[in-house]
Each structure stands twice: as structure tokens, then as C-alpha cells.
Amino acid sequence: MLRINRNDPCPCGSGLKYKKCCMNKLSSFSEKELADTYFRKYRIRLKTPQDIKGIKEAGKLVVDTLYLCGEKIKPGMTTEDINTLVHEYTVSHGGIPAPLNYRGFPKSVCTSVNDVICHGIPSKDTILKEGDIVNVDITTILHGYHADANMTFFVGECSDDAKKIVRVARESLKRAIPVVKPGNRIGDIGYTIQKYAEGEGCSVVRDYIGHGIGKNFHEEPEVPHYGKRNTGIELVPGMVFTIEPMINLGDPYSRVLNDDWTAVTTDGSLSAQFEQTILVTDTGYEVLTPYEL
Ligand code: MF3
Ligand code: CO
Ligand code: CO
């Protein structure tokens, strides 16, 4: 639960320090007062039941779109075809593809093939071939709320290396999700992922991290996929953020291509990723973009 420190502004809104105001009184604060205090302190927007409902509805559309992509992806298809599929399905279901024009991103979805870590730009020139792996990262705005999830797919029959990196990325996310509960800290999530992925001989990308989400695509808190146990802010009910580990078969280093978006591994090794949007509940977590990992 939110702990108010002696020197924090009092949640009652008096403008006094907590110790000079309500600390020694028997007063309880409304959800809104607590959320405001939390925002002032950490810039984290705790979600209301209405917000959560909205994100969940967007999440269902994201997952349906991901499954559609999974059914359609075949050798010979281009990443532009995936873009068209995602764009048309999203719009025809009342959603807006959040990536389109986001900070200048030119397409409606990110499609990241083989050594592309993330933010791959769909193109007619990128033709999927047997043995490729492709991550499809979908963020949809529905009735003002964002949900963000991704999966890495096999294109036809794949190498043992491809199978390994996809398995380790999937399992990294799967192990991190149950760590989400009140009282645990942000660092516990990264620690769990790093320990597992490095134990499998893979590496964790540092340059891109998970993020809070809601009415905004990216907001506080930051969620690194590496780190130390029992560090960082405490998880509290009402937080919504993504966990989206990017795992490389070789080194963890990335560089961005001249298109200003496409992030690739510097050593050319394969990279895979899975992402979900997750709510901290009173007792643990709820995945707001539920799909089977
Ligand atoms: N969906 C990505 C994420 O998981 C962000 C993509 S930003 C874009 O945070 F502009 F490339 F769409
Ligand atoms: Co995403
Ligand atoms: Co994300």
C-alpha cells in the first residue's frame, strides 16, 4: 500500500506537510486523495476501476489482432502486409493504431525480424522467409485507453537457435508476471528476468524497457528487465505497466539504423520479445492483454 512519509505533502490537500497536518489524526483518505499523493510523489497515475475497464477492452482488441497475425504469417508475406492487416482490423473494430505518427513513427505496428530487437518499420521490401522469426508489437487506443502487447512468431520451420531465443524470451515474461504483487518492488521484476535469461546463456537488452500505460502510450513507471532484488519503487494496487523483455542470443548491445527507429543487435545475433500489459491488484496481478504464454 502507499506509504506517506512525514515530509510528504498531506493527502488532504491542505498544502501542509503530512507531519504538520493529518499524520497524528485518525483520518482516512479517499482513493482520489491517495492517487493524487502518489502522482505528486512518483508521477505514477494509479488507475480507477473505470480506467482499468477501458484498458482491458483495448487489451482484448490487441490480443485478437495478435492472434489474427499469428494465423496469417507465412513465408512470402511482407511486413507491409502485417501492417495492413493490423491497421484494417484495428480501425474496423473502432480502435486507433497508436504507433502511427507517434513521435514520427510512420506505420501502424512494429514488425521486428531476426536481429531486429524492436521498432522495426513495416516495408514492402521485407519479405518473410522460411526460418525467420518476427515480432509483432501492437498498441491500440480504444475509447481513449491504450493497451500494448507483442508476440514473436516463427515463419515456417525454424532453426534450433530461433526456437531457443523465442522460448527464453517467452519464459522470461512468464516468470516475471507472478512477481507482480503489492509489496514487491520494480527491481524484483528485472532481477527475475535477468537471472533466468542469463542462466540460459542469453542476454537482456538494457536500452529499451517496460513502461506505465493508460491514457498515455508511455508513462511512469519505468520497468527495466534487469536489476537487483528489493530495489526501486514498491508496487501498489492500481498501477498498470508493461513487461516486455527483449532477449538476445549474443550480446545485449543495440544500435539504431539510419531510419531512426529500427533497433538491431550490434553482433547480428537473434533477438526475441514478448510483452503484456499488467495491472497490480490488491492480491497480485491481472494481465489486461491476456494470451497464453
Ligand atoms: N509498442 C512499443 C512498446 O512496447 C513502442 C513502439 S513506439 C512506436 O513500448 F512508435 F514505434 F510505435
Ligand atoms: Co509494445
Ligand atoms: Co510497450
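Heads up: numbering here begins at 1 and tracks the sequence. For ligands, and for the atoms within them, numbers begin at 1 and follow the listed sequence.
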(Q) Test salt bridge (Lys or Arg N to Asp or Glu O under 4.0 Å) on Glu157 and Lys163; report intermediate values, then the result. (A) CA-CA 10 Å; Glu157 238 347 276; Lys163 286 179 187 155; 3.6 Å; yes
(Q) Per the side-chain hydrogen bond (donor to acceptor under 3.5 Å, both in side chains) rule, what does the pair list look like for residues 168-183, sequence neighbours excluded? (A)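 Pairs touching residues 168-183 that pass the test: Glu171-Arg175.
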Q | Common cluster, Val287/Val179, ILVMFWY with side-chain heavy-atom separation under 4.5 Å | A |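 Yes, same cluster.
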Q. Does Arg255 count as lying over the ring of Tyr253, i.e. NZ or CZ under 6.0 Å from the six-ring centre, within 45 degrees of the axis?
A.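 No cation-pi geometry.
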Q: Go through the steps to decide whether His218 and Tyr102 satisfy the test ring-ring contact (aromatic ring centres under 6.0 Å, His included), and finish with yes or no.
A: CA-CA 11 Å; His218 295 103; Tyr102 178 78; 5.4 Å; yes
May I have every N or O pair linking ligand 1 to the protein at under 3.5 Å, one per line with atom names and distance?
residue: ligand 1; atom: 1 (N); partner: Asp137; partner atom: OD1; Å: 3.2
residue: ligand 1; atom: 1 (N); partner: Asp137; partner atom: OD2; Å: 3.0
residue: ligand 1; atom: 1 (N); partner: Thr139; partner atom: OG1; Å: 3.4
residue: ligand 1; atom: 1 (N); partner: Asp148; partner atom: OD1; Å: 3.3
residue: ligand 1; atom: 4 (O); partner: Asp137; partner atom: OD2; Å: 3.2
residue: ligand 1; atom: 4 (O); partner: Asp148; partner atom: OD2; Å: 3.0
residue: ligand 1; atom: 4 (O); partner: Glu244; partner atom: OE1; Å: 2.8
residue: ligand 1; atom: 4 (O); partner: Glu244; partner atom: OE2; Å: 3.2
residue: ligand 1; atom: 4 (O); partner: Glu275; partner atom: OE1; Å: 3.1
residue: ligand 1; atom: 4 (O); partner: Glu275; partner atom: OE2; Å: 3.0
residue: ligand 1; atom: 9 (O); partner: Asp148; partner atom: OD2; Å: 3.4
residue: ligand 1; atom: 9 (O); partner: His211; partner atom: NE2; Å: 3.0
residue: ligand 1; atom: 9 (O); partner: His218; partner atom: NE2; Å: 2.8

**Q.** Greater than 12 external heavy atoms within 6.0 Å of Lys107's NZ
**A.**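 Yes.
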(Q) Within a 6.0 Å radius of atom CZ on Arg40, are there more than 12 heavy atoms belonging to other residues, nucleotides or ligands? (A)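 Yes, because the 6.0 Å sphere around CZ of Arg40 holds more than 12 heavy atoms from other groups.
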**Q.** Under 2.8 Å from the Co ion (ligand 3), the protein N, O or S atoms, given as residue and atom
**A.**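 Listed by chain and number: Asp148 OD2, His211 NE2, Glu244 OE2, Glu275 OE2.
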Q. Can you list the residues that meet the salt bridge (Lys or Arg N to Asp or Glu O under 4.0 Å) rule with Lys164, with sequence neighbours excluded?
A.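 Result, salt bridge (Lys or Arg N to Asp or Glu O under 4.0 Å) vs Lys164: none returned.
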Q: For His211 and Asp148, test the side chains for any donor-to-acceptor distance below 3.5 angstrom and give the result as yes or no.
A: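 Indeed, the side chains of His211 and Asp148 share at least one donor-acceptor pair under 3.5 Å.
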